[in-house]
Amino acid sequence: MSDLLPIPALPPAPPEPQRRTGRWWRLTHPRAARQARLLAAHHAWTTQRARRAQIDLVRAGYHLGPVPFGYRPQRVTVPDADGVMRRRVRLVIDPAPAATVAVIYRWRIEDRLNHTAIVTRLTVEPDWYPTPLDPYLSLIPISETTIPLNI
């Protein structure tokens with residue numbers, strides 16, 4: 001064979017895959033930018049409404065979240081702004097655990113005990129520390145090892 005033969009035609013190159021539009025293009029494209037602004041405004045509005053509702057509930061004297069040690073939940077049914085009856089929770093001091101909280105506070109502040117020493121004292125004297133109930137269910141006792149000391 002000779003080197004002078006014509007070069008056969010190459011097959012056509014495959015088309016370049018379409019690139020996904022970049023973040024900058026999506027943000028600067030008028031429709032995408034408008035949708036992003038609307039979504040951000042809606043998110044801010046919803047967050048503000050939820051926060052305002054929680055603040056109003058707390059100012060009205062209702063408790064949100066788990067019941068802390070030393071309190072009992074008192075469940076009440078009250079009408080909301082629209083007249084719909086809603087279940088809410090108020091906290092009532094539970095005398096026995098509240099006395100324990102006062103003792104723990106005194107040990108921490110006056111006696112300057114660390115967390116380990118306080119836990120040791122509480123486990124030595126079970127009368128000082130009655131077994132607390134689950135803060136969500138208020139029925140199931142919690143083991144002493146799972147109770148964090150937040151002072």
Side-chain angles (χ1 to χ4, degrees), residues 12-151:
E16 288 188 23
Q18 281 202 336
R19 285 184 28 195
R20 285 191 64 198
T21 55
R23 184 171 185 262
W24 179 251
W25 182 87
R26 286 193 309 264
L27 288 176
T28 56
H29 191 268
R31 183 173 173 200
R34 182 173 182 274
Q35 287 176 342
R37 282 193 308 271
L38 288 174
L39 183 62
H42 175 72
H43 178 71
W45 175 75
T46 308
T47 303
Q48 186 180 21
R49 269 187 67 201
R51 181 174 165 75
R52 195 176 314 125
Q54 287 178 346
I55 289 171
D56 291 344
L57 283 173
V58 170
R59 284 187 179 156
Y62 301 111
H63 181 72
L64 308 174
V67 178
F69 184 72
Y71 291 91
R72 279 191 323 244
Q74 178 184 13
R75 303 189 193 301
V76 294
T77 305
V78 293
D80 65 359
D82 299 329
V84 178
M85 299 304 280
R86 302 279 184 184
R87 301 265 307 167
R88 302 285 184 229
V89 175
R90 289 191 187 272
L91 294 180
V92 179
I93 294 177
D94 195 2
T100 303
V101 171
V103 169
I104 292 171
Y105 180 79
R106 196 171 332 111
W107 287 341
R108 181 74 175 147
I109 301 302
E110 294 175 6
D111 298 345
R112 295 184 181 272
L113 294 179
N114 62 12
H115 297 99
T116 308
I118 292 173
V119 170
T120 304
R121 280 193 182 184
L122 290 174
T123 54
V124 169
E125 280 295 327
D127 295 337
W128 284 341
Y129 188 62
T131 304
L133 300 176
D134 186 307
Y136 289 103
L137 301 177
S138 297
L139 300 173
I140 304 170
I142 299 177
S143 68
E144 294 164 355
T145 58
T146 61
I147 300 170
L149 196 56
N150 295 326
I151 298 180

Hey, could you give me the [atom1]/[atom2] distance between [X] and [Y], rounded to the nearest 0.5 Å?
{"X": "Arg108", "Y": "Asn114", "atom1": "CZ", "atom2": "CG", "answer": "7.0 Å"}
{"X": "His43", "Y": "Thr47", "atom1": "NE2", "atom2": "OG1", "answer": "4.0 Å"}
{"X": "Arg52", "Y": "Ile55", "atom1": "CZ", "atom2": "CD1", "answer": "8.5 Å"}

Residues passing the side-chain hydrogen bond (donor to acceptor under 3.5 Å, both in side chains) test with Tyr62, sequence neighbours excluded, are Arg90

Arg86: what forms a side-chain hydrogen bond (donor to acceptor under 3.5 Å, both in side chains) with it, not counting sequence neighbours?
Asp80

Are [X] and [Y] close enough that some pair of their side-chain heavy atoms sits under 4.5 Å apart?
{"X": "His63", "Y": "Pro68", "answer": "yes"}
{"X": "Val92", "Y": "Tyr71", "answer": "no"}
{"X": "Ile118", "Y": "His115", "answer": "no"}

Does CZ in Arg51 sit with more than 12 non-hydrogen atoms of other residues, nucleotides or ligands closer than 6.0 Å?
no

Applying side-chain contact (heavy atoms from CB on, under 4.5 Å) to Arg121 and Leu113, what does each step give before you reach the verdict?
CA-CA 10 Å; Arg121 280 193 182 184; Leu113 294 179; 3.4 Å; yes

Evaluate the side-chain contact (heavy atoms from CB on, under 4.5 Å) criterion for residues Trp107 and Leu122: first the C-alpha distance (whole Å), next the side-chain angles of each, then the deciding distance (0.1 Å), finally the verdict.
CA-CA 11 Å; Trp107 287 341; Leu122 290 174; 3.8 Å; yes

If you take all heavy atoms of Gly70 and Val101, which pair is closest and at what distance?
CA-CG2, 4.5 Å

